Structures are given as C-alpha cells and as structure tokens.
Visitor: 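Just passing along the structure, written as structure tokens.
Residues take their numbers from the sequence shown, with the count starting at 1. Remember, it's a predicted structure, so these values are computed and weren't measured experimentally.
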Amino acid sequence: LKQVFNKDKTFRPKRKFEPGTQRFELHKRAQASLNSGVDLKAAVQLPSGEDQNDWIAVHVVDFFNRINLIYGTICEFCTEKTCPVMAGGPKYEYRWQDDIKYKKPTALPAPQYMNLLMDWIEVQINNEDLFPTNVGKCKEEVL
C-alpha cells in the first residue's frame with residue numbers, strides 16, 4: 001500500500017473542494033449520484049440552476065482523481081521493461097509532445113508517458129485561469 005502513495009509512482013493527492021463552497025456542494029452531489037447505482041445519464045445531467053462550466057469542472061477533477069487512484073494501483077506492474085511503448089492495443093501507439101522538451105511526437109515507455117501526462121493534467125487542473133476555485137468564473141472558450 002505504501003507504493004500506491006509514492007509520489008514517484010505518479011500518484012497525485014486529490015484536489016479538494018473547500019467545504020461550504022458551491023463547488024463542494026456540487027462535488028458531494030456528483031459523488032452521491034455516482035455511488036447510488038443511479039442511471040449514469042441522469043448522474044451527469046446538469047442540475048437545475050447550476051453553472052455548466054462549474055459542473056464540468058467538478059467532474060473533470062473527480063475523473064482525474066479516480067484515474068490517478070486506479071493508475072496508482074497498477075503502475076508497479078508497468079515498467080519500462082514490461083511496457084516499452086505507450087499503446088492502446090496493437091493498432092495505436094501514443095507519442096508525447098509538449099512543445100517544450102518534446103517538440104515532436106516522441107515514442108516513450110508507458111511509465112514515462114504516464115508521468116508526463118499526469119504532471120501535465122495536474123498543472124491544467126491547478127491553473128486558476130482554467131479551473132478557478134471561485135464558482136462561475138470558468139473561461140468559456142476553454143471548456
């Protein structure tokens with residue numbers, strides 16, 4: 001279990017919503033609907049009177065947290081030796097490009113690709129211009 005929470009294994013702590021805020025209430029509502037066995041279509045439907053950008057932001061952060069936990073449980077089995085390529089089956093190979101260090105799409109071992117991807121997503125989620133913590137201030141063109 002100690003390895004699951006090791007920062008070097010790509011596990012990221014959950015991004016939290018401040019209790020008492022509208023985002024926190026939306027997060028609680030999303031959690032309750034997803035954990036209750038409710039129809040998924042109904043679970044992701046925009047609640048009446050809520051801002052669409054805030055609703056989407058809450059679900060993006062929640063999705064990142066869930067993927068992060070899942071990846072944290074399997075990352076020890078995917079090493080550069082056992083997973084030399086980031087692939088989506090035999091027909092698809094994912095290549096990393098960030099226009100900083102990797103200016104062209106670059107084939108990487110899956111663990112390295114996942115580390116870069118999770119770091120990039122975390123930067124996006126923590127960017128106040130993209131995911132502001134004040135409700136109702138998302139930039140429309142981003143979402």
Visitor: Same cluster or not: Ile70 versus Met86, using hydrophobic residues (I, L, V, M, F, W, Y) connected whenever any side-chain heavy atoms lie under 4.5 Å apart?
Guide: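 In one cluster with Ile70: Met86, no.
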Visitor: Over all heavy atoms of both residues, which pair between Leu116 and Leu108 is shortest? Give the atoms and the distance, please.
Guide: CD1-CD1, 3.5 Å
Visitor: Going by side chain to side chain donor-acceptor pair (under 3.5 Å), name the residues that satisfy it together with Tyr94, two or more places apart in sequence or in a different chain.
Guide: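 Once residues adjacent in sequence are excluded, Tyr94 has no partner under the side chain to side chain donor-acceptor pair (under 3.5 Å) criterion.
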Visitor: What distance separates Asn126 CG from Glu128 CD, expressed to the nearest 0.5 Å?
Guide: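 Asn126 atom CG to Glu128 atom CD measures 8.5 Å (nearest 0.5 Å).
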Visitor: To check you understand the geometry: which heavy-atom pair defines the closest contact between Ala110 and Cys78, and what is its length?
Guide: CB-SG, 3.7 Å
Visitor: Going from CD1 on Ile125 to CH2 on Trp120, what distance comes out if it is rounded to the nearest 0.5 angstrom?
Guide: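 Taking CD1 in Ile125 and CH2 in Trp120, the distance rounds to 9.5 Å.
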Visitor: For Phe77 and Thr73, which heavy atoms make the closest approach, and how far apart are they?
Guide: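 The answer is CE1-O, 3.8 Å.
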Visitor: Can you name the residues that form a salt bridge (Lys or Arg N to Asp or Glu O under 4.0 Å) with Glu80, not counting sequence neighbours?
Guide: none
Visitor: Same cluster or not: are Ile74 and Leu117 linked, directly or through other Ile, Leu, Val, Met, Phe, Trp or Tyr residues, by side-chain heavy atoms under 4.5 angstrom apart?
Guide: yes
Visitor: Rounded to the nearest 0.5 Å, what's the gap from CG on Asn127 to CD on Glu122? Could you check?
Guide: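 Those atoms lie 12.5 Å apart.
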Visitor: Please report the closest heavy-atom contact between Leu46 and Gln52, naming both atoms and the distance.
Guide: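 For Leu46 versus Gln52, the nearest heavy atoms are CD1-CA, 3.8 Å.
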Visitor: Which residues pass the side chain to side chain donor-acceptor pair (under 3.5 Å) test with Thr106, not counting sequence neighbours?
Guide: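 Partners of Thr106 under the side chain to side chain donor-acceptor pair (under 3.5 Å) test: none.
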Visitor: Hey, what do you get for CD1 (Ile67) to CG (Asp62), rounding to the nearest 0.5 Å?
Guide: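 So the gap between those two atoms works out to 10.0 Å.
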Visitor: Test your reading of the model: is there a side-chain donor-acceptor pair from Gln97 to the backbone of Lys103, 3.5 Å cut-off?
Guide: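 At least one qualifying donor-acceptor pair exists.
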Visitor: Distance from Leu130 atom CG to Asn53 atom CG, nearest 0.5 Å?
Guide: 11.5 Å
Visitor: Can you tell me how far the NE2 atom of His59 sits from the CZ atom of Arg66, to the nearest 0.5 Å?
Guide: 9.5 Å
Visitor: Would you say Phe64 and Met118 make side-chain contact, with heavy atoms under 4.5 Å?
Guide: yes
Visitor: With a 4.5 Å limit on heavy-atom distance, are the side chains of Tyr113 and Val85 in contact?
Guide: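 SC-SC contact between Tyr113 and Val85 ruled out.
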Visitor: Which heavy atom of Gln112 sits nearest a heavy atom of Tyr102, and at what distance?
Guide: NE2-OH, 3.0 Å
